[in-house]
Amino acid sequence: MTEKLEFGKFSVDTEAFELRRDGQHVSVEPLVLDLIIEMARHPGALRTRDDLIETVWKGRIVSDTTISSAIKSARKALGDTDAHKRIIRTVHGRGFQFVGETREQGPSRNETQLQSLATPVLQINVVPLDASISPVMARALDGRLRAAFNRIPFLNIAAARSASTSPGLNGLPATPTHHLEIALSSMEDRFYADISLSDLSDGLQKWARHVSVPSETGVETLIFQIGPKAEPQILKATAEFLAAHDQTEPRALVLRAMQVIAERGWNPKSIIAADDLLDQAIAKDKEIPLAYAMVSLMNAIGYRVGMLRQDDNVVKRAIDNAELALSLEGQDSSVLGLTGCALCDVGQLARGEPIIDRALDLDPMNGHAYAAKGAALMMRGDFDAALAYLRKSIEISPADSRLAVWGAILAIAELKCGQLDAAQSSAEQAISRDDVNYLPRLAAVALYLVRKDASATNRAVKEVLRVHPGITSDEVLFFVGKDARDAIWPKIQESRA
């Protein structure tokens with residue numbers, strides 16, 4: 001829905017997503033323009049940093065420096081000088097205020113309310129069931145889970161201060177669409193959490209789990225049990241909600257692509273299916289950085305493990321889409337983690353590693369960024385340092401098929417470090433995560449060869465061929481290295497014969 005805002009010499013067309021001064025286009029970064037639009041919609045209102053994080057950054061974790069930098073860029077675009085801030089004023093110790101006079105032409109309140117209702121909003125409720133669960137522990141769990149689920153694209157988290165509403169589009173209240181409840185209890189030196197996710201449109205429970213941890217391990221361990229189990233289900237519910245309003249809506253297409261990879265794993269069929277969905281999303285909306293980041297990663301991983309090596313353009317597509325994603329969004333940890341990983345996978349370590357490091361600075365709970373950092377260290381031959389990053393990634397990441405890939409990489413790192421028991425455990429767990437991914441099975445072959453276990457090696461080779469009958473020597477080389485490939489490949493040829 002088109003909305004036009006005018007203030008002084010400036011105007012903004014939200015459909016064209018364009019800022020103009022005296023009718024002339026003004027170049028401005030997309031996130032900075034989002035900030036200008038949000039401020040201009042509420043002239044005179046005091047906007048705290050928390051307000052701006054909720055509405056402009058969609059609840060993502062960002063630093064005060066990031067907000068200040070965006071405000072500075074917005075002022076620069078609007079011609080505000082340090083001496084005369086005529087449009088955006090700083091209210092010291094409290095926030096910012098748009099003091100320009102805005103004239104608005106746009107959709108009616110009813111139309112805007114309908115738009116806001118098409119935005120998924122998750123309400124989180126942590127309920128201590130007995131006195132042994134302290135309010136401090138409940139608040140800590142609530143806050144950490146909010147931070148974790150804020151990484152889910154296109155999902156809004158209802159404000160903790162309100163049980164029924166959260167800020168929505170144009171400042172209108174947005175009714176929660178889903179409810180996540182965590183009921184906490186304790187018994188015999190253990191903490192218990194009963195988790196349930198409900199769809200508030202029909203009141204039906206969509207998913208539930210029961211987890212427990214030893215009391216002495218504390219709330220952090222409980223978070224690592226709850227977050228990875230709940231996140232894939234919340235992602236799925238978000239995708240279904242958006243698709244129910246419009247199956248071809250770009251955000252819904254991006255989430256469906258992410259679901260394909262999460263549920264089917266990294267293999268040629270899933271990559272092609274997800275790539276097609278992302279192409280559809282980009283055709284409809286060229287301003288979704290996550291779509292470009294996902295395309296970049298899929299091409300890069302396909303190149304890295306050999307699945308797409310036959311495509312001469314795969315590296316160029318990975319790099320081009322990474323740059324497009326970064327040009328649209330340079331402060332989102334998810335986008336940075338995906339693009340940094342992609343650039344490293346195609347051999348641009350010097351470019352990719354600092355991007356991954358920035359992703360981790362912005363969000364220390366970004367599991368994909370930890371996995372990417374570990375893989376980058378392995379490429380540099382620093383296997384000991386890689387172990388900590390890879391293990392952390394598995395600990396905090398959603399419990400879906402991506403753990404098959406990361407677990408396989410971890411198994412190879414442990415094997416390189418001579419930790420054979422750990423490598424076997426990692427390979428077996430990775431195999432259990434995905435029935436059609438050959439990478440953890442290939443890691444198992446490498447391990448059993450080192451252990452000189454001929455029977456286990458033969459079984460593992462047959463498993464590789466079961467899930468990937470057409471595996472090539474290059475695919476083995478790119479994942480395990482030349483020495484291991486030279487030992488494994490004759491076993492594969494022998495089993496085929």
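Positions are given from 1 along the sequence.
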Below 4.0 angstrom, N of the basic side chain to O of the carboxylate: do E240 and R256 qualify? no
Identify whether the distance between the nearest side-chain nitrogen and carboxylate oxygen of R317 and D275 falls below 4.0 Å. no
Side chains of [X] and [Y] in contact at under 4.5 Å (non-hydrogen atoms):
{"X": "E287", "Y": "L328", "value": "yes"}
{"X": "P176", "Y": "L122", "value": "no"}
{"X": "F479", "Y": "L439", "value": "yes"}
{"X": "L31", "Y": "E329", "value": "yes"}
{"X": "I226", "Y": "L141", "value": "yes"}
{"X": "Y448", "Y": "Q424", "value": "yes"}
{"X": "S68", "Y": "R49", "value": "yes"}
{"X": "C344", "Y": "I356", "value": "yes"}

Starting from the C-alpha separation in whole Å, work towards a yes-or-no answer on side-chain contact (heavy atoms from CB on, under 4.5 Å) for L180 and F149. CA-CA 11 Å; L180 181 73; F149 298 144; 3.4 Å; yes
Kindly assign one of parallel, tilted or perpendicular to the pair Y389 and Y370, based on the angle between their ring planes and the thresholds 30° and 60°. tilted
Looking only at side-chain N and O atoms, does S426 offer a donor or acceptor that is under 3.5 Å from a partner on E414? yes
Modelled atom types, side-chain donor and acceptor of Q225 and K229, under 3.5 Å: yes
Is there a side-chain contact (heavy atoms from CB on, under 4.5 Å) between L442 and I488 once you walk through the steps? CA-CA 9 Å; L442 196 55; I488 292 171; 4.1 Å; yes
d(L360 CG, K392 NZ) to nearest 0.5 Å is 10.5 Å
Between CD1 of I234 and CD1 of I157, what distance do you get to the nearest 0.5 Å? 7.0 Å
Donor-acceptor pair, distance only, cut-off 3.5 Å: does the side chain of [X] make one with the backbone of [Y]?
{"X": "S432", "Y": "Q429", "result": "yes"}
{"X": "S215", "Y": "R190", "result": "yes"}
{"X": "S296", "Y": "Y292", "result": "no"}
{"X": "S495", "Y": "I492", "result": "no"}
{"X": "E475", "Y": "T472", "result": "yes"}
{"X": "D276", "Y": "I272", "result": "no"}
{"X": "Q419", "Y": "A422", "result": "no"}
{"X": "N313", "Y": "K316", "result": "no"}
{"X": "S397", "Y": "S393", "result": "yes"}
{"X": "S69", "Y": "T66", "result": "no"}

Write out all pairs satisfying salt bridge (Lys or Arg N to Asp or Glu O under 4.0 Å) with one or both partners inside residues 438-448, taking only residues at least two apart or from two chains. D435-R441, R441-E463
Scan residues 352-369 for pairs that pass side-chain hydrogen bond (donor to acceptor under 3.5 Å, both in side chains), counting only residues two or more places apart or in two chains. R151-D363, S333-N366, E353-K373, E353-R380, D357-K373
